[in-house]
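Notes follow once the structure below has been shown.
Just the heavy atoms: all of them, side chains too, but no hydrogens, waters or symmetry mates, feed the values below.
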Amino acid sequence: MKAKEKINLSDNMVSIVMPSFNTALYIARAIRSVQVQTYTNWELIIVDDCSSDNTDEVVFPFLRDKRIKYIRNLKNQGAALSRNTALRQARGRWIAFLDSDDVWAKNKLEKQLNFMLRNDYHFSYTRYEEIDEKSERTGVVVSGPRHITKRKMYEYCWPGCLTVMYDRSLVGNLQIIDIKKNNDYAIWLKVIEKTDCFLFDKCLALYRRGRTGSISTQGYITMIRWHYRLFRENGNNIFLAGIRTVRNLFFGILKKIVYVKKEIR
């Protein structure tokens, strides 16, 4: 498919976006999970948002790997603007995301990219398993619909951020609004305007749930406010933003029933 804008891309390089903030305890494992990928044509762009812990010291030894770039914000900007910075620096055709406290399976990039190239898909995600704050696997595996259209993406944020990959040659150079929460969802709502999203039905990542301050620890009222603001910022009027927020709550419950499973080991 022909790109709608001319972008200087390295063919089939995957640019990995990793925002970080006070994750010194976890970021080394996240970086190592990228370094051991069986697919080696990647670059990792870490944008640290003025961490107050020793993230700098942890990351520094990894910079011997020339595929890793480390950027430190001069002031705290939040995850949205940090991701924007990484997206502006990206050189690859493919964009992937990995938060600094999450982990990939070593064949994640290879399998997902082959899936997309084989089927001529431009936007995909995978299943993932949850781990706790101590990195213990919980056996809880999260999936989603096999085919996500624009309508379905507005129903709920089905893809886990750490599993997503999209084709920048089709989607273009994205920048998102400065929204403190749900900024990954804001990206998907832009990408879905250009192409549908497809599930690669393999578990290829570990998502850390329950870390203090993470979105997964927030209450429903707070999440409702975030979703409403997201839809308003995305150009929806008050009525439509309200309707979509209510529908989002319904499909969030549906996801827990249908797509979140405890696997027996």
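- Defined by atom type and a distance below 3.5 Å, a donor-acceptor pair is missing between the side-chain atoms of Asn107 and Thr38.
- With hydrogens and angles ignored, the 3.5 Å screen pairs no side-chain donor or acceptor of Asp99 with any backbone N or O of Asp101.
- In this structure, Phe251 has its ring center at least 6.0 angstrom away from the ring center of Tyr156.
- A heavy-atom distance below 4.5 Å is not found between the side chains of Ile68 and Val34.
- The number of heavy-atom neighbours closer than 6.0 Å to NZ of Lys255, taken from other residues, nucleotides and ligands shown, is above 12.
- To the nearest 0.5 Å, atoms CG (Asn84) and CG (Asn173) are separated by 11.0 Å.
- The shortest side-chain heavy-atom distance between Met153 and Pro159 falls under the 4.5 Å cut-off.
- Between Trp94 and the options Leu117, Asp11, Asn41, a side-chain contact (heavy atoms from CB on, under 4.5 Å) holds for only Leu117.
- Using a 3.5 Å distance cut-off with no hydrogens or angles, the side chains of Tyr70 and Asp56 do pair a donor with an acceptor.
- Side chain of Arg209 to backbone of Asp132: no donor-acceptor contact under 3.5 angstrom is found.
- The neighbour count for Lys111 NZ, taken as heavy atoms of other residues, nucleotides or ligands under 6.0 Å away, does not exceed 12.
- Val191 pairs with exactly one of Leu170, Val171, Asp196 by the side-chain contact (heavy atoms from CB on, under 4.5 Å) rule, that one being Val171.
- Between Glu43 and Lys69 there is no salt bridge, since no side-chain N of the basic residue sits under 4.0 Å from a carboxylate O of the acidic one.
- Two rings, from Trp188 and Tyr125, have their centers 6.0 Å or more apart.
- Taking OH of Tyr121 as the reference point, atom CZ of Phe198 lies at 5.0 Å (rounded to 0.5 Å).
- Of the options Ile31, Val17, Ile71, Leu63, a side-chain contact (heavy atoms from CB on, under 4.5 Å) to Ile46 is made by Ile31 and by none of the others.
- A distance of 5.5 Å separates SG in Cys203 from CD in Glu129, rounded to the nearest 0.5 Å.
- Here the OH atom belonging to Tyr259 is positioned 9.0 Å from the CG atom belonging to Leu199, to the nearest 0.5 angstrom.
- A distance of 4.0 Å separates CE in Met18 from CG in Leu98, rounded to the nearest 0.5 Å.
- Ion pairing between Arg208 and Glu133 fails under the 4.0 Å rule for side-chain N and carboxylate O.
- A donor-acceptor contact closer than 3.5 angstrom is absent between the side chains of Ser20 and Ser100.
- Judged by distance alone, the side chains of Arg127 and Thr163 never bring a donor and an acceptor atom under 3.5 Å apart.
- Contact check for Arg32 versus Phe62: side-chain heavy atoms found under the 4.5 Å cut-off.
- A salt bridge links Arg67 and Asp65; the closest N-O separation between the charged side-chain nitrogens and carboxylate oxygens is under 4.0 Å.
- Using cut-offs of 30° and 60° for the angle between ring planes, the Tyr166 and Phe97 rings count as tilted.
- With rounding to the nearest 0.5 Å, the separation of CG in Asn22 from CG in Asp48 is 8.0 Å.
- At a threshold of 4.5 Å between non-hydrogen side-chain atoms, the residues Asp49 and Pro19 do not count as touching.
- In the hydrophobic clustering of this structure, Leu204 does not group with Leu206; members are Ile, Leu, Val, Met, Phe, Trp, Tyr whose side-chain heavy atoms approach within less than 4.5 Å, directly or through other members.
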